[in-house]
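Reading through the structure tokens given below for one structure.
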Amino acid sequence: MPHIEIGLLAFACIFGGAVLGLAVGRILPESYTNEQTQKIVQTTMNTVALLSALVLGLLTASAKSNFDARNKSIEQFAANLRQLNREIKNVNPKIEGLEDQLRQYCAQKILLMWPPPNAKDRGMPGQDLRSLESIAQKIREFAPAGEAQRLLQASALQTVGELIRTRWALAVQEGSEIPRAFICVLLFWLTLLFINYGLFSHRNALVIGALFVCALSLASAIYLILDLNEPFGGIISLSPKPLQDTLAQMTG
């Protein structure tokens with residue numbers, strides 16, 4: 001389900017719980033709304049509120065941590081591409097058009113990670129990995145003329161290895177998701193809280209407005225958590241600028 005739909009569903013459940021509480025509160029007997037009953041219900045709901053806050057904070061921290069890790073991986077990937085391009089030039093700039101192949105790979109990676117809107121073809125699965133392995137193979141086949149070129153060749157192969165490891169790390173991170181059970185349980189708790197708020201609230205426009213704004217804020221937080229966890233699309237997305245700058249440097 002798209003994140004915006006989950007966010008709307010969260011708002012409908014949370015605010016719907018408040019409306020349900022307001023409606024049920026009108027027909028409850030007076031013995032259910034006395035001060036002692038309210039105190040006991042509020043005490044139990046404070047526990048639910050505390051759990052909700054802890055889970056919401058945990059999910060936010062986890063999503064932000066994953067987002068930052070992917071951003072760091074992309075920056076490291078771009079830095080390694082620049083280093084590899086420099087090493088290729090120092091080893092031998094005429095290794096069967098290897099520089100052109102590296103530039104094509106960088107452009108391919110940008111299109112793969114940030115495809116244009118409505119793009120249907122994102123390339124064959126693993127195509128970028130095969131391109132990296134082809135670059136590594138050409139570097140291995142090069143016969144160095146001296147010790148200096150041999151050391152540069154070894155360094156270039158090490159950089160390609162780091163690129164492949166970073167590529168796999170990004171692939172694994174892309175497949176990680178926040179367990180839906182966390183979201184469902186959190187949504188259940190928040191709905192219970194707002195039913196409780198509605199039960200013992202005065203029924204006027206200000207109360208309804210406050211409940212509406214609070215429900216909207218919580219639903220927005222759930223949406224942003226899900227959006228952060230998939231940072232290659234949506235409102236909060238990783239920037240392709242590190243790789244674009246690398247490509248521009250290779251082309252220039």
Side-chain angles (χ1 to χ4, degrees), residues 3 63-145 148-177 227-252:
H3 298 163
K64 184 63 169 62
S65 177
N66 289 339
F67 185 90
D68 291 341
R70 293 174 190 179
N71 188 55
K72 185 176 180 180
S73 295
I74 289 173
E75 291 175 350
Q76 184 63 47
F77 197 82
N80 286 338
L81 281 174
R82 292 192 184 198
Q83 181 178 345
L84 180 60
N85 184 60
R86 185 176 182 84
E87 289 169 342
I88 289 173
K89 287 181 178 179
N90 290 332
V91 172
N92 191 330
K94 299 179 181 179
I95 305 179
E96 300 180 9
L98 192 55
E99 286 187 80
D100 291 335
Q101 187 174 350
L102 187 61
R103 280 194 293 269
Q104 291 172 4
Y105 170 77
C106 186
Q108 175 192 47
K109 192 65 178 177
I110 292 172
L111 289 176
L112 183 67
M113 298 175 74
W114 294 275
N118 303 321
K120 296 181 180 179
D121 184 15
R122 295 185 62 177
M124 297 292 293
Q127 183 178 355
D128 62 319
L129 179 60
R130 288 190 290 272
S131 297
L132 271 180
E133 291 174 341
S134 175
I135 291 172
Q137 184 62 28
K138 285 187 177 181
I139 296 174
R140 289 191 194 97
E141 292 173 352
F142 172 71
Q149 283 193 344
R150 188 188 66 79
L151 291 174
L152 285 169
Q153 181 189 36
S155 178
L157 288 173
Q158 182 179 357
T159 304
V160 174
E162 291 177 2
L163 284 169
I164 292 175
R165 284 191 291 272
T166 306
R167 184 264 180 196
W168 279 117
L170 285 169
V172 170
Q173 290 165 356
E174 189 175 357
S176 63
E177 291 186 358
D227 194 68
L228 270 175
N229 203 54
E230 293 186 9
F232 292 103
I235 295 178
I236 304 175
S237 61
L238 294 172
S239 172
K241 195 173 186 303
L243 287 177
Q244 289 173 343
D245 290 345
T246 299
L247 180 60
Q249 186 186 58
M250 291 178 179
T251 306

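Computation of the quantities below employed the complete heavy-atom set of this structure, encompassing side-chain atoms and omitting hydrogens, waters and symmetry-equivalent molecules. Predicted model only: the values in this text are computed from it and were never measured.
No donor-acceptor contact under 3.5 angstrom links the side chains of Gln108 and Gln104, judged on distance only.
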Q: For side-chain contact (heavy atoms from CB on, under 4.5 Å), just list the numbers for Asn229 and His3, CA-CA rounded to whole Å, side-chain angles, deciding distance to a tenth of an Å, and then say yes or no.
A: CA-CA 10 Å; Asn229 203 54; His3 298 163; over 6 Å; no

Q. Going through the distances and angles, do Met250 and Glu99 end up as a side-chain contact (heavy atoms from CB on, under 4.5 Å)?
A. CA-CA 8 Å; Met250 291 178 179; Glu99 286 187 80; over 6 Å; no

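Applying the salt bridge (charged side-chain N to carboxylate O under 4.0 Å, His left out) definition to pairs two or more places apart or across chains, those involving residues 233-242 are Lys241-Asp245.
A pairwise comparison of heavy atoms in Ala145 and Gln149 identifies N-OE1, 2.8 Å as the closest pair. Contact between Leu243 and Cys106 at its shortest, heavy atoms only, is O-SG, 3.6 Å. Counting all heavy atoms, side chain and backbone alike, Thr166 lies closest to Ser73 at CG2-O, 3.4 Å. A pairwise comparison of heavy atoms in Leu170 and Arg70 identifies CD2-O, 4.0 Å as the closest pair. Scanning all heavy atoms of the two residues, the minimum distance from Ala156 to Leu84 falls at O-CD1, 3.6 Å.
With hydrogens and angles disregarded, no donor-acceptor distance shorter than 3.5 Å links the side chain of Ser155 to the backbone of Leu151. A donor-acceptor pair under 3.5 Å is formed between the side chain of Trp114 and the backbone N or O of Leu238. Not one N or O on the side chain of Asp128 forms a donor-acceptor pair closer than 3.5 Å with the backbone of Lys109. Judged purely by atom type and a 3.5 angstrom limit, Gln83 has no side-chain atom pairing as donor or acceptor with the backbone of Thr159.
For the pair Gln101 and Lys138, the minimum side-chain heavy-atom distance is below 4.5 Å. Using a 4.5 Å heavy-atom threshold, the side chains of Phe142 and Leu98 count as separate. Side-chain atoms of Ile139 and Glu87, non-hydrogen and from C-beta on, never get closer than 4.5 Å to each other.
To the nearest 0.5 Å, atoms CZ (Arg167) and CE (Met113) are separated by 10.5 Å. The structure places CG of Leu247 at 12.5 Å from OH of Tyr105, a figure rounded to the nearest 0.5 Å. Rounding to the nearest 0.5 angstrom, the gap separating the CG atom in Leu157 from the CD atom in Gln153 is 5.5 Å.
Among the candidates Ile135, Leu132, Thr246, Val160, the single residue satisfying the side-chain contact (heavy atoms from CB on, under 4.5 Å) test with Leu102 is Ile135.
Listed by chain and residue number, nothing satisfies the side chain to side chain donor-acceptor pair (under 3.5 Å) test with Arg165 (two or more places apart in sequence, or in another chain). Partners of Ser65 by side chain to side chain donor-acceptor pair (under 3.5 Å), not counting sequence neighbours: none found.
Taking a cutoff of 4.0 Å between a charged side-chain nitrogen and a carboxylate oxygen, Asp68 and Lys72 do not qualify as a salt bridge.
Within a 6.0 Å radius of CZ in Arg82, other residues, nucleotides and ligands contribute more than 12 heavy atoms.
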